Amino acid sequence: MLETRQPLPVKVPSPTIAAQTTQFRVSGANEQSCDLGSYNRRDFYKISLIIEGDSQLLYANRGIVIDRSALVFTNPLVPYSWEATKPQFDCFFCVFTQEFLRAGNRMESFQESVLFKPGGEPVYFLDDDQVSYLRGIFQRMCREMESDYIYKYDLLRNHVNLIIHEAIKMQPAVAYFNPPNAAARISKLFLTLLEKQFPVESPQHSISLKKASEYASQLSVHVNHLNAAVQEVTGKSTTAHINERILTEAKSLLTHTDWSVAEIAFSLGFEYASYFNNFFKRHAGTTPLAIRKSL
């Protein structure tokens, strides 16, 4: 009599895989479809492996010359820009959300680590062995992205963690300089960071920076220094800029969404709807409900 065997259970991919396809991307600069070199969305962290090319990274209120192979970590809430003095034609980039790494139940506070926090160390110069090792990881990630392996995002997450831990073991670059026109640059960074908070896309998520002191902390400057720079360059206080932008967004949400006033209040950082109502009436001269009824 033949023995009947039950089929082995087949593992199926996590229901979060569809979400992960939008939470992680990787590419080499020499790929025709690469658009990650200037990728700077407000919800994506970014790791760049610069193998060849000269540039300056202006990060928060500091600058550093990158004239050799380097690993660079950038935080979506810390404004930065690259100024290339020589084309970066041998590079790799990966971008990912906080949720992507959190899905692996590890590195819960990685955004507070020295790699990503505002006053941390985003640049790590590499020797030949480190370049070879890290290039191999990025190349494997690029190949894995093209595979049909159903657990590839778990594998990609492990690769990202390898890069992060490799950097933590390194000594960071220390030759930072203060960019010229400090007041103008700090003011521009503040306004860029302010704009990164908007538009508000969901009533379930509140803006993360609400006070001048929080912006100053994100930019690694004293709040008095930030206020003085913004006042000098724009003629308005930091708080005035924040309030004006919140008011503009509030009017847009009242006009173009069906969110309740309480939902709008929460999304704009107000603990209670009454606080939002008072803020709105003080700055707009009317109430949120009056705006909505007038539509």
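This one's a predicted model, so the numbers in the text were calculated from it and none came from an experiment.
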* Got a second to check how far Ser206's OG is from Glu263's CD, nearest 0.5 Å? -> 13.0 Å
* Asked: Under the side chain to side chain contact (heavy atoms under 4.5 Å, CB included) criterion, do Tyr45 and Ile47 qualify, and how do the steps go?
  -> CA-CA 7 Å; Tyr45 292 82; Ile47 303 176; over 6 Å; no
* Structure fact -> One should read off an interatomic distance between Thr238 OG1 and Leu191 CG, to the nearest 0.5 angstrom, of 9.0 Å
* Asked: Can you list the steps and then say if Glu146 with Arg143 is a salt bridge (charged side-chain N to carboxylate O under 4.0 Å, His left out)?
  -> CA-CA 5 Å; Glu146 301 300 319; Arg143 289 195 297 268; over 6 Å; no
* **Where Val160 and Met141 come nearest, the two heavy atoms and their spacing** => CG2-SD, 4.1 Å
* Asked: With a 4.5 Å heavy-atom cut-off, do Asn75 and Phe73 have their side chains touching?
  -> no
* Side-chain donor/acceptor of Thr192 to backbone N/O of Lys188, under 3.5 Å -> yes
* Stepwise side chain to side chain contact (heavy atoms under 4.5 Å, CB included) check, Ile137 with Phe92 -> CA-CA 10 Å; Ile137 293 178; Phe92 289 89; over 6 Å; no
* Asked: Looking only at heavy atoms, what is the nearest atom pair of Val223 and Ala216, with distance?
  -> CA-CB, 3.6 Å
* Asked: Roughly how far, to the nearest 0.5 Å, is CD of Gln130 from CE of Met170?
  -> 4.0 Å
* Asked: Counting N and O atoms only, with roles assigned by atom type, does the side chain of Ser132 sit under 3.5 Å from a partner on the main chain of Asp128, one being a donor and the other an acceptor?
  -> no
* To do: To the nearest 0.5 Å, tell me how far Asn243 CG sits from Thr248 OG1.
  => 10.5 Å
* **Check against side chain to side chain contact (heavy atoms under 4.5 Å, CB included), Arg140 and Leu155** => CA-CA 10 Å; Arg140 288 193 293 275; Leu155 188 54; over 6 Å; no
* Relative to the ring of Phe100, is the ring of Phe24 parallel (under 30°), tilted (30 to 60°) or perpendicular (over 60°)? -> parallel
* Taking the side chain as every heavy atom from C-beta outward, state whether Tyr133 and Leu162 have any pair of such atoms under 4.5 Å apart. => yes
* Nearest-0.5 Å distance that lies between atom CG in Leu219 and atom CZ in Arg185 -> 9.5 Å
* Asked: Side chain of Arg245, backbone of Gln197: donor and acceptor closer than 3.5 Å?
  -> no
* Can you check whether Met145 reaches Tyr153 side chain to side chain, under 4.5 Å on heavy atoms? -> yes
* Looking at Phe190 versus Tyr215, is the centre-to-centre ring distance below 6.0 Å? -> yes
* For Glu249 and Val200, indicate whether the former's side chain and the latter's backbone hold a donor-acceptor pair under 3.5 Å. => yes
* Asked: Does Glu144 reach the main-chain N or O of Leu156 with its side chain, forming a donor-acceptor pair under 3.5 Å?
  -> no
* Check Asp67 against Asp54 and note the closest heavy-atom contact, atom names and distance. => CA-OD1, 3.4 Å
* Structure fact -> Scanning both residues in full, the closest heavy-atom pair of Ala284 with Lys251 reads CB-CE, 4.2 Å
* Working to the nearest 0.5 Å, report the span between OG of Ser267 and NE2 of His205. => 11.5 Å
* Minimal non-hydrogen separation, Ile50 against Cys91, with atom names -> CD1-SG, 4.0 Å
* Is any side-chain heavy atom of Phe198 closer than 4.5 Å to a side-chain heavy atom of Ile207? -> yes
* Any side-chain heavy atom of Phe266 within less than 4.5 Å of one from Phe276? -> no
* To do: For the residue pair Ser217 and Glu214, confirm or rule out a side-chain donor-acceptor distance under 3.5 Å.
  => no
Taking distance alone, no hydrogens or angles, what donor-acceptor pairs closer than 3.5 Å link side-chain atoms of residues 286-294 to residues at least two apart or in another chain?
residue : atom : partner : partner atom : Å
Thr287  : OG1  : Ala290  : N            : 3.1
Arg292  : NE   : Leu254  : O            : 3.3
Arg292  : NH1  : Trp259  : O            : 2.5
Arg292  : NH2  : Leu253  : O            : 3.4
Arg292  : NH2  : Leu254  : O            : 3.2
Arg292  : NH2  : Thr257  : O            : 3.0
Arg292  : NH2  : Trp259  : O            : 3.1
Ser294  : OG   : Ile291  : O            : 2.6

* Asked: Is the side chain of Ser187 donor-acceptor paired with the backbone N or O of Val230 at a distance under 3.5 Å, no angle test?
  -> no
* Could you tell me which non-hydrogen atom of Asn227 sits nearest to which non-hydrogen atom of Ala212, and how far apart they are? => OD1-CB, 4.0 Å
* To do: Would you indicate whether the side-chain heavy atoms of Asp90 and Arg135 approach each other to under 4.5 Å?
  => yes
* Asked: Taking the side chain as C-beta and beyond, is there a heavy-atom pair between Asn277 and Phe270 under 4.5 Å?
  -> no
* To do: Give the ring-plane orientation class for Phe279 versus His283, where under 30° counts as parallel, over 60° as perpendicular and anything between as tilted.
  => tilted
